[in-house]
> 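Let me begin by handing over the structure; questions about it come next.
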Amino acid sequence: MSRREPHVLARGFFASDPVVVAPLLLNKVVVVGQGSARRSGRIVEVEAYRADDPASHSYRGLTARTAVMFGPPGHLYVYRSYGLHWCANVVCGAEGEGAAVLLRAIEPLTGLPAMYASRAGIRRDVDLGSGPGKLTQALGISGADNGADLTDPGGLHLAADGVAPPAAPGVSRRIGISVAVDVPWRWFVADSAHISKLPGPGRPGQRRSGPSAPGPGHPLPPIDQS
DNA sequence: TAAAAGATCCCCT
DNA sequence: GGGGATCTTTTAT
């Protein structure tokens with residue numbers, strides 16, 4: 001491990017259950033473009049989705065849209081949300097598994113002028129990437145990036161710059177879904193001002209978790225309502 | 001062939 | 001705090 005010299009995450013990093021990978025992605029860096037066109041942001045909020053999860057796009061099996069999600073880990077799955085926005089996911093687990101982690105918020109690090117240019121009407125840094133649709137717009141990610149290999153340092157990639165994931169990340173239910181709403185598969189940097197929403201107030205959300213979140217072996221906690 | 005729902009954001013009241 | 005914009009994917013006739 002180097003000091004703070006950013007290093008690109010390797011394929012193996014992504015080859016685990018998304019419930020395990022998701023919290024580890026906190027404080028990692030998303031890098032888009034190179035040289036003066038380079039934009040980057042620190043991941044401060046994520047959500048996990050798996051094939052045995054009714055809220056996941058992969059739940060109904062492989063389709064044209066979700067092909068990337070069922071491909072090898074370490075690639076980017078991009079889809080259009082509500083006909084207007086792009087959402088970016090990191091494919092996890094083994095090839096064919098259909099697992100991914102949704103990037104929900106970033107803290108802008110570099111290339112802020114370009115981000116502001118991409119997000120008309122925005123005036124504050126915290127409004128640049130504090131949401132799934134916002135961060136893709138700020139970073140310039142679109143459907144054209146679907147399938148991108150995140151381990152390729154020459155392209156859109158993920159890097160570690162020496163900042164460790166939070167020892168006690170915030171944990172809560174996922175946002176914006178209508179099924180499997182009880183699974184605590186949303187993680188965020190608790191003291192970040194750049195997350196999309198604070199711990200769900202209406203519902204008894206979840207408090208912070210300890211160092212370890214819901215483990216790997218766990219099939220699926222409370223989804224089974226019956 | 002048609003229809004509905006959706007991992008959201010922003011503006012208006 | 002509430003609703004509209006906007007369009008792709010999937011599922012139902």
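Convention: sequence-line order gives letters A, B, ...; per-chain numbering from 1.
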> Is the terminal nitrogen or CZ of A:Arg173 (NZ for Lys, CZ for Arg) located under 6.0 angstrom from the six-membered ring centre of A:Trp185 and within 45° of that ring's axis?
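Checked: cation-pi criterion not met.
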
> With heavy-atom distances below 4.5 Å as the criterion, would you say the side chains of A:Phe13 and A:Thr151 are in contact?
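No. Closest side-chain heavy atoms not under 4.5 Å.
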
> Salt bridge check: are A:Asp53 and A:Arg174 linked by an N-O gap of less than 4.0 Å?
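Looking at A:Asp53 and A:Arg174, the cut-off is met.
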
> If you count every heavy atom of other residues, nucleotides or ligands that lies below 6.0 Å from A:Arg11 atom CZ, does the total exceed 12?
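Counting other residues, nucleotides and ligands, CZ of A:Arg11 exceeds 12 neighbours.
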
> Can you see whether A:Ser40 engages A:Thr110 through a side-chain donor-acceptor pair at a distance of less than 3.5 angstrom?
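Short answer, yes.
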
> Atom pairs under 3.5 Å, N or O on each side, protein against nucleotides 8-11 of chain C: can you list them with distances?
| residue | atom | partner | partner atom | Å |
| --- | --- | --- | --- | --- |
| C:dT9 | O3' | A:Arg65 | NE | 3.3 |
| C:dT10 | OP1 | A:Thr63 | OG1 | 2.1 |

> Can you see whether A:Tyr79 engages A:Asn89 through a side-chain donor-acceptor pair at a distance of less than 3.5 angstrom?
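No, no side-chain donor-acceptor pair sits under 3.5 Å.
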
> Do A:Arg42 and A:Ser192 meet the criterion of a side-chain donor-acceptor pair at a distance under 3.5 Å?
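Judged by distance alone, the side chains do not pair up.
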
> Can you check the A:Met69 CE to B:dA7 P distance for me, whole Å?
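The distance from CE of A:Met69 to P of B:dA7 comes to 11 Å, rounded to the nearest Å.
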
> Quick check: are there more than 12 heavy atoms from other residues, nucleotides or ligands sitting under 6.0 Å from OH of A:Tyr116?
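Above 12, so yes.
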
> Where does DNA chain C form stems of at least three consecutive Watson-Crick or G-U wobble pairs, each pair having both distances below 3.5 Å?
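Runs of three or more consecutive pairs: B:1-6 with C:7-12, B:8-12 with C:1-5.
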
> Walk me through whether A:Val30 and A:Leu135 qualify under side chain to side chain contact (heavy atoms under 4.5 Å, CB included).
CA-CA 10 Å; A:Val30 187; A:Leu135 73 88; over 6 Å; no

> Take the protein atom OH of A:Tyr49 and the nucleotide atom C1' of B:dG6, then report the distance between them rounded to whole Å.
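About 11 Å, once rounded to whole Å.
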
> Side chains of A:Glu45 and A:Ser196: donor-acceptor distance under 3.5 Å anywhere?
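Yes - a donor-acceptor pair under 3.5 Å links their side chains.
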
> Could you list all N or O pairs between the protein and nucleotides 8-13 of chain B that sit under 3.5 Å apart?
| residue | atom | partner | partner atom | Å |
| --- | --- | --- | --- | --- |
| B:dT8 | OP2 | A:Gly176 | O | 3.2 |
| B:dT8 | O4' | A:Ser81 | OG | 3.3 |
| B:dT8 | O3' | A:Gly133 | N | 3.4 |
| B:dT8 | O2 | A:His85 | NE2 | 2.9 |
| B:dC9 | OP1 | A:Pro132 | N | 3.0 |
| B:dC9 | OP1 | A:Gly133 | N | 2.7 |
| B:dC9 | OP1 | A:Lys134 | N | 3.1 |
| B:dC9 | O4' | A:His85 | NE2 | 2.9 |
| B:dC10 | OP1 | A:Arg119 | NH1 | 3.0 |
| B:dC10 | OP1 | A:Arg119 | NH2 | 3.0 |

